[in-house]
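Working notes, structure below.
Counting starts at 1 for both ligands and their atoms, following the listed order.
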Amino acid sequence: MFASALRVSALAFNHYSTGVIPMSSVERVYSYSAVLMGSPILLKLFEDNQQAAQAVFHLIKQQEDMLTVNRAHSQLMTINHAAGLHPVVVSRPVFELISKAKTVSLMQDSCFNFTIGPLVKRWKIGFHGDTVPSPAEIQSLLPLTRPDQVMLDPQACSVYLAQAGMEIDLGAIAKGYIADRVRDLLQQMGIHQALINLGGNVLTLGTPRYGDQSAWGVGLKKPFAAPDALIGIIEVAGKSVVTSGIYERYFEQEGKIYHHILDPETGYPLDNELLSVTVISDDSVDGDIYTTLLYGMGVKKALHYLTTVPHIEAIFVTRTGQVILSSQRQFRFTLQDSDYQLA
Ligand code: FAD
Ligand code: MG
């Protein structure tokens with residue numbers, strides 16, 4: 001039960017914590033944490049408001065219950081269980097999220113594919129029992145990952161997977177969507193200065209309430225290093241900061257790293273020059289979508305593409321130690337680690 005996992009602590013802002021860098025010690029910040037969606041969840045407020053924290057964790061739990069594919073039952077699993085059999089009526093918000101995921105999956109050259117489920121389930125990366133599938137297994141699963149075979153009926157609010165064995169997986173978009181719902185809830189409760197971290201999806205409301213700070217400091221994690229090691233600090237106010245990387249969920253076999261962002265073309269983990277992509281945007285759902293999309297494009301193509309999407313900015317971290325910023329309109333970045341260079 002999520003309530004039992006809820007922890008509350010009043011902390012001075014003079015220490016490091018999950019991906020968030022405190023910047024002064026003059027105000028008290030109240031941190032509430034839980035483990036939901038297999039991820040550490042952190043909420044920071046500037047007053048002790050246990051009721052608000054409970055409401056936030058309750059909302060996340062409700063959303064998880066609808067969208068999870070890690071349990072037998074959820075709205076998503078009802079669709080997956082009915083693959084090849086019949087359409088399933090879902091709630092309007094779930095329908096809208098699936099429609100968005102389908103649109104992004106069908107974009108030209110998109111590496112985002114929300115029907116990647118059969119491959120995710122087989123690789124099990126980040127879960128017990130992860131192994132490298134045989135090439136024959138990959139070839140047998142690839143035909144089940146066809147976004148165009150997800151039939152949506154907006155009138156009936158129903159979703160139908162045309163082939164038996166197909167499975168929707170919203171792992172690359174749902175945390176961003178849920179972070180936005182948490183922001184909406186906090187705002188409805190009259191809270192306009194807060195930070196929520198859904199295991200790598202950070203969403204900031206307003207500015208921190210201490211001193212003359214006009215921005216939150218969000219740490220950019222150093223890949224394959226100690227959990228609190230940082231490449232640098234991203235300063236933002238009222239923005240989402242989402243990172244996708246190959247160093248959080250992976251396993252190693254015979255010296256090779258297999259990470260959880262799969263190439264829908266090959267069925268294997270995406271293999272390019274990138275260790276991570278961080279997206280700064282207004283909405284976290286966009287941050288979640290674009291981290292995956294841009295990761296698949298690689299640096300050169302992604303930088304070119306971002307010139308056409310002004311509300312999305314990105315930070316790329318490469319295997320050769322380069323940190324590349326697409327632009328810096330909505331954030332400031334300070335490099336801290338001498339193993340990395342700004343390119
Ligand atoms: P992103 O980089 O944004 O996306 C990677 C994830 O998206 C992969 O893990 C996979 O699920 C999927 N994916 C892989 N390749 C592609 C692709 N080409 N296109 C589109 N999607 C792709 N984790 C647990 O350990 N236990 C749980 O019980 C659990 N429950 C969850 C419930 C919910 C509702 C959600 C949203 C997540 C849950 N997770 C759980 C985490 C989940 O398994 C993913 O690992 C997580 O969502 C990845 O987030 P990310 O931002 O790091 O990854
Ligand atoms: Mg994502």
Going by heavy-atom distance to [atom], choose the closest among [options].
atom: atom 34 (C) of ligand 1; options: D65, T68, V69, I60; result: T68
atom: atom 16 (C) of ligand 1; options: L76, I116, D169, L198; result: I116
atom: atom 27 (C) of ligand 1; options: N70, L67, I173; result: N70

Q | cation_pi(R249, Y258) dist<6.0 Å, angle<=45 | A | no

Q) Any cation-pi pair here, R329 with F331, using under 6.0 Å and within 45°? A) no

Q: Determine, using heavy atoms of G200 and all atoms of ligand 1, whether some pair is separated by less than 4.0 Å.
A: no

Q. Any heavy atom of Y295 sitting closer than 4.0 Å to ligand 1?
A. no

Q. Do Q75 and S91 meet the criterion of a side-chain donor-acceptor pair at a distance under 3.5 Å?
A. yes

Q) S284 and V242: which non-hydrogen atoms are nearest, and at how many Å? A) OG-CG2, 3.6 Å

Residue and atom name of the nearest protein heavy atom (relative to [atom]), distance in Å to one decimal:
atom: atom 2 (O) of ligand 1; value: S244 OG, 2.6 Å
atom: atom 21 (N) of ligand 1; value: A172 CB, 3.3 Å
atom: atom 23 (N) of ligand 1; value: R249 NH2, 3.0 Å
atom: atom 19 (N) of ligand 1; value: N113 N, 2.8 Å

Q) To the nearest 10°, how many degrees is the angle A172 O to the Mg ion (ligand 2) to D288 O? A) 80°

(Q) Nearest 0.5 angstrom please: Y268 OH to D263 CG, how far? (A) 11.5 Å

(Q) Would you compute the distance between atom NZ of K175 and atom CD of Q63 and round it to the nearest 0.5 angstrom? (A) 14.5 Å

(Q) Under 4.0 Å, heavy-atom basis, I'd like to know which part of S39 is in contact with ligand 1: side chain, backbone, both or neither. (A) neither

